Visitor: 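Sending over a structure as structure tokens; questions will come in a sec.
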Amino acid sequence: MRVKDALRLAEEANLDLVEVAPNANPPVAKLMDYGKYKYEAAQKAREARRNQANAQLKEIRISLKIEKHDYETKVNNAKKFLDHGDKVKIQLRFKGREQLRPEMGVRLMERIANDTAENSTVESAPRVDGRNMVMVLAPIRRKAQTKSDQRRRREAEHERRKAEEAETASETK
């Protein structure tokens, strides 16, 4: 179609003639409301920024001689961090003669990995770094997914409260 005809059609329909693919042969153009198009593109960009989240690295420090309750508390904290979409670095510190028994540290790290298996995967296996043994756990779900799920739950709760308030207001009348 000639440019003159396309411009006439756009003017008759109160739309804009927008060149979509200038490098194509022949160039491709569309009739659209350019302001609306820009607005929708900005909305998509804003939503993408909102759902984009940087995973933080949370650190949990333990020792080889950890008591049962302390161990459970640390594992529960790790699960909570993983549920929120953050990575967890488990750092085990060897004291004194404990350095001679790194296999005990590996067993403890594997136990932690097994206890958090439903929420995480082992990103870096246990490795000795001087007096410390370090392991990194990565969440199965991405932080962006977790945040969008949380937002949906909040919005659903907000809608439920509004409905309850409207119902109570109609009952009092």
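A quick note: this is a predicted structure, and the numbers were derived from the prediction, not measured.
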Visitor: If you round to the nearest 0.5 Å, how far is NZ of Lys36 from CD of Gln43?
Guide: 12.5 Å
Visitor: Does Lys30 NZ have over 12 foreign heavy atoms under 6.0 Å away?
Guide: no
Visitor: Taking atom OG of Ser120 and atom CG of Asp86, what is their separation to the nearest 0.5 Å?
Guide: 12.5 Å
Visitor: Under 4.5 Å between side-chain heavy atoms, hopping through other hydrophobics if needed: is there a path connecting Ile66 to Met133?
Guide: yes
Visitor: Indicate yes or no for a side-chain donor-acceptor contact from Lys74 to the backbone of Arg61 under 3.5 Å, with no hydrogens or angles considered.
Guide: yes
Visitor: Would Arg8 and Glu12 satisfy salt bridge (charged side-chain N to carboxylate O under 4.0 Å, His left out), going step by step from the backbone distance to the final call?
Guide: CA-CA 6 Å; Arg8 185 178 44 77; Glu12 288 172 4; 3.2 Å; yes
Visitor: To the nearest 0.5 Å, how far apart are NZ in Lys68 and OG1 in Thr73?
Guide: 11.5 Å
Visitor: Checking Glu155 now: which residues fulfil side chain to side chain contact (heavy atoms under 4.5 Å, CB included) with it, not counting sequence neighbours?
Guide: Arg151
Visitor: Which atom pair, heavy atoms only, marks the closest approach of Val122 to Ala113?
Guide: CG2-CB, 3.8 Å
Visitor: Is there a continuous path of hydrophobic side-chain contacts, each under 4.5 Å between heavy atoms, that joins Leu15 to Val3?
Guide: yes
Visitor: Quick one: closest heavy-atom pair of Lys87 and Glu123, and the distance?
Guide: NZ-OE1, 3.0 Å
Visitor: What distance do Lys79 atom NZ and Leu82 atom CG have between them, rounded to the nearest 0.5 Å?
Guide: 10.0 Å
Visitor: For Arg160, check side chain to side chain contact (heavy atoms under 4.5 Å, CB included) against everything at least two apart and list the hits.
Guide: Glu157, Glu164
Visitor: With side chains defined as the heavy atoms from C-beta onward, is the minimum distance between Asn77 and Val88 less than 4.5 Å?
Guide: no
Visitor: According to a 4.5 Å side-chain heavy-atom criterion applied to Ile, Leu, Val, Met, Phe, Trp and Tyr, with indirect links allowed, do Val134 and Val75 form part of one hydrophobic cluster?
Guide: no
Visitor: Are Met32 and Tyr39 connected in the hydrophobic side-chain network, where two residues link if heavy atoms are under 4.5 Å apart?
Guide: no
Visitor: What I want to check is whether the side chains of Asp16 and Tyr37 have a donor and an acceptor closer together than 3.5 Å.
Guide: no
Visitor: What's the verdict on side-chain contact (heavy atoms from CB on, under 4.5 Å) for Ile140 and Thr121, showing C-alpha distance, side-chain angles and the deciding distance?
Guide: CA-CA 6 Å; Ile140 292 175; Thr121 57; 4.2 Å; yes
Visitor: Looking at Arg101 and Glu103, is any side-chain nitrogen of the basic one under 4.0 Å from a carboxylate oxygen of the acidic one?
Guide: yes
Visitor: Heavy atoms, side chains only, cut-off 4.5 Å: are His84 and Gln56 in contact?
Guide: no
Visitor: For a side-chain contact (heavy atoms from CB on, under 4.5 Å) check, start with the C-alpha distance between Gln91 and Glu59, then their side-chain angles and the critical distance, and finish with the verdict.
Guide: CA-CA 7 Å; Gln91 187 172 15; Glu59 187 173 314; 2.6 Å; yes
Visitor: Evaluate side-chain contact (heavy atoms from CB on, under 4.5 Å) for Asn119 paired with Leu137, printing each intermediate quantity in order.
Guide: CA-CA 9 Å; Asn119 306 37; Leu137 301 174; over 6 Å; no
Visitor: What is the distance from atom CD of Glu110 to atom CG of Asp115, rounded to the nearest 0.5 Å?
Guide: 12.0 Å
Visitor: On a heavy-atom basis, which atom in Leu31 and which in Ala10 lie closest, and how many Å separate them?
Guide: CD2-CB, 3.3 Å
Visitor: Which atom names give the shortest non-hydrogen contact between Gly105 and Leu92, and what distance separates them?
Guide: CA-CD2, 4.1 Å
Visitor: Does atom CD of Glu11 have more than 12 heavy-atom neighbours from other groups under 6.0 Å away?
Guide: no
Visitor: Is there a side-chain contact (heavy atoms from CB on, under 4.5 Å) between Leu100 and Phe94? Walk through the geometry before answering.
Guide: CA-CA 9 Å; Leu100 302 174; Phe94 292 110; over 6 Å; no
Visitor: Which atom names give the shortest non-hydrogen contact between Leu17 and Ala6, and what distance separates them?
Guide: CD2-CB, 3.7 Å
Visitor: Indicate yes or no: at least one non-hydrogen side-chain atom of Ile112 is less than 4.5 angstrom from one of Ile62.
Guide: yes
Visitor: Is it the case that one hydrophobic cluster holds both Met1 and Val28, taking links as side-chain heavy atoms less than 4.5 Å apart, direct or via other members?
Guide: no
Visitor: For Ser63 and Leu108, which heavy atoms make the closest approach, and how far apart are they?
Guide: O-CD2, 3.8 Å
Visitor: Report yes if the side chains of Arg107 and Met104 come closer than 4.5 Å at any heavy-atom pair, otherwise no.
Guide: yes
